[in-house]
K.L.:
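Mind having a look at this structure? Questions to follow.
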Amino acid sequence: MNNKKTVQMYINSFRSEFSQYLKNNIGLITSVYFAKTGGAIIEIELSVGGKNKDKYKGTSQNLGNALKNVKQSTFGGNLNGFSFVGTNIILEPSKIILIKSDSPNEWSSTSAKNDIDKIIFNGGM
């Protein structure tokens with residue numbers, strides 16, 4: 001997944017849907033890590049003051065290599081052999097990490113709503 005326009009549309013849908021669960025002065029700062037094969041990773045941090053910002057952090061060979069660039073405590077060791085399908089949600093104490101495959105269905109506004117439902121109602125499961 002290396003289509004910035006598609007990813008930005010997903011982020012905009014996610015932000016719009018997620019805002020109903022946030023106080024008015026909370027924004028979302030996203031960092032996107034593209035992978036040449038497999039999809040992309042979106043790291044989402046809450047921003048007090050209502051500021052929204054999107055950062056594009058470059059492209060890795062695959063999702064395992066992209067994950068090496070994301071500070072997280074769920075996966076460790078050699079990440080090269082990791083394979084991800086669909087949307088994988090990691091809830092960290094101060095952020096949400098979405099690991100999304102390159103399937104077009106994973107990048108729709110419907111998928112953004114479904115991802116938020118999983119986060120809010122199922123604790124990311």
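This chain uses plain numbering: 1 for the first residue, then up along the sequence. Computed from a prediction, not measured in an experiment: that's the story for all the values here.
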K.L.:
What residues, two or more places apart in sequence or in another chain, satisfy side-chain contact (heavy atoms from CB on, under 4.5 Å) together with Ser13?
P.N.:
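In terms of side-chain contact (heavy atoms from CB on, under 4.5 Å), with neighbours along the sequence ignored, Ser13 is linked to Ser109, Ala112.
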K.L.:
Is any side-chain heavy atom of Ile42 closer than 4.5 Å to a side-chain heavy atom of Ile97?
P.N.:
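No, their side chains stay 4.5 Å or more apart.
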K.L.:
Under the side chain to side chain donor-acceptor pair (under 3.5 Å) test, which residues partner Thr30, sequence neighbours left out?
P.N.:
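Partners of Thr30 by the side chain to side chain donor-acceptor pair (under 3.5 Å) criterion, ordered by chain and then number, come out as Asp54.
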K.L.:
Do the side chains of Met9 and Thr6 get nearer than 4.5 Å, heavy atoms only?
P.N.:
no
K.L.:
In terms of side-chain heavy atoms, does Lys100 have a donor or acceptor partner in Thr87 at a distance below 3.5 Å?
P.N.:
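Judged by distance alone, the side chains do pair up.
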K.L.:
If you round to the nearest 0.5 Å, how far is CG of Asn114 from CD1 of Ile119?
P.N.:
11.0 Å
K.L.:
In terms of ring plane angle, is the pair Tyr56 and Phe34 parallel, tilted or perpendicular, where the classes change at 30° and 60°?
P.N.:
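Judged by the thresholds at 30° and 60°, the geometry between Tyr56 and Phe34 is parallel.
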K.L.:
Measure the spacing between NZ of Lys36 and CG of Asn62 and express it to the nearest 0.5 Å.
P.N.:
10.5 Å
K.L.:
Could you list the residues that satisfy side-chain contact (heavy atoms from CB on, under 4.5 Å) with Glu17, not counting sequence neighbours?
P.N.:
Gln20, Lys113, Ile116
K.L.:
What distance separates Ser19 OG from Leu28 CG, expressed to the nearest 0.5 Å?
P.N.:
8.0 Å
K.L.:
When you measure from the side chain of Ser47 to the backbone N and O of Gly50, does any donor-acceptor pair fall under 3.5 Å?
P.N.:
no
K.L.:
Of all residues at least two apart in sequence or in a different chain, which pass the side chain to side chain donor-acceptor pair (under 3.5 Å) check with Glu43?
P.N.:
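Counting only residues at least two positions away or on another chain, Glu43 forms a side chain to side chain donor-acceptor pair (under 3.5 Å) with Tyr33, Lys95.
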K.L.:
To the nearest 0.5 Å, tell me how far Leu98 CG sits from Leu91 CG.
P.N.:
9.0 Å
K.L.:
Could you tell me the separation between the CD1 atom of Ile96 and the CG atom of Leu46, rounded to the nearest 0.5 Å?
P.N.:
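Ile96 CD1 to Leu46 CG: 6.5 Å, rounded to 0.5 Å.
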K.L.:
Taking the side chain as C-beta and beyond, is there a heavy-atom pair between Trp107 and Asn3 under 4.5 Å?
P.N.:
no
K.L.:
Can you confirm whether Asn25 is buried at CG, in the sense that more than 12 heavy atoms of other residues, nucleotides or ligands lie under 6.0 Å from that atom?
P.N.:
yes
K.L.:
According to side chain to side chain donor-acceptor pair (under 3.5 Å), who are the partners of Asn12, at least two apart in sequence or on a separate chain?
P.N.:
Gln8
K.L.:
If you look at every heavy atom in Gly39 and Leu63, which pair is closest and at what distance?
P.N.:
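For Gly39 versus Leu63, the nearest heavy atoms are C-CD2, 3.7 Å.
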K.L.:
Who are the side-chain contact (heavy atoms from CB on, under 4.5 Å) partners of Lys55, not counting sequence neighbours?
P.N.:
Ile29, Ser31, Lys53, Lys57
K.L.:
CD1 of Ile99 to CD1 of Ile41: how many Å apart, nearest 0.5 Å?
P.N.:
5.0 Å
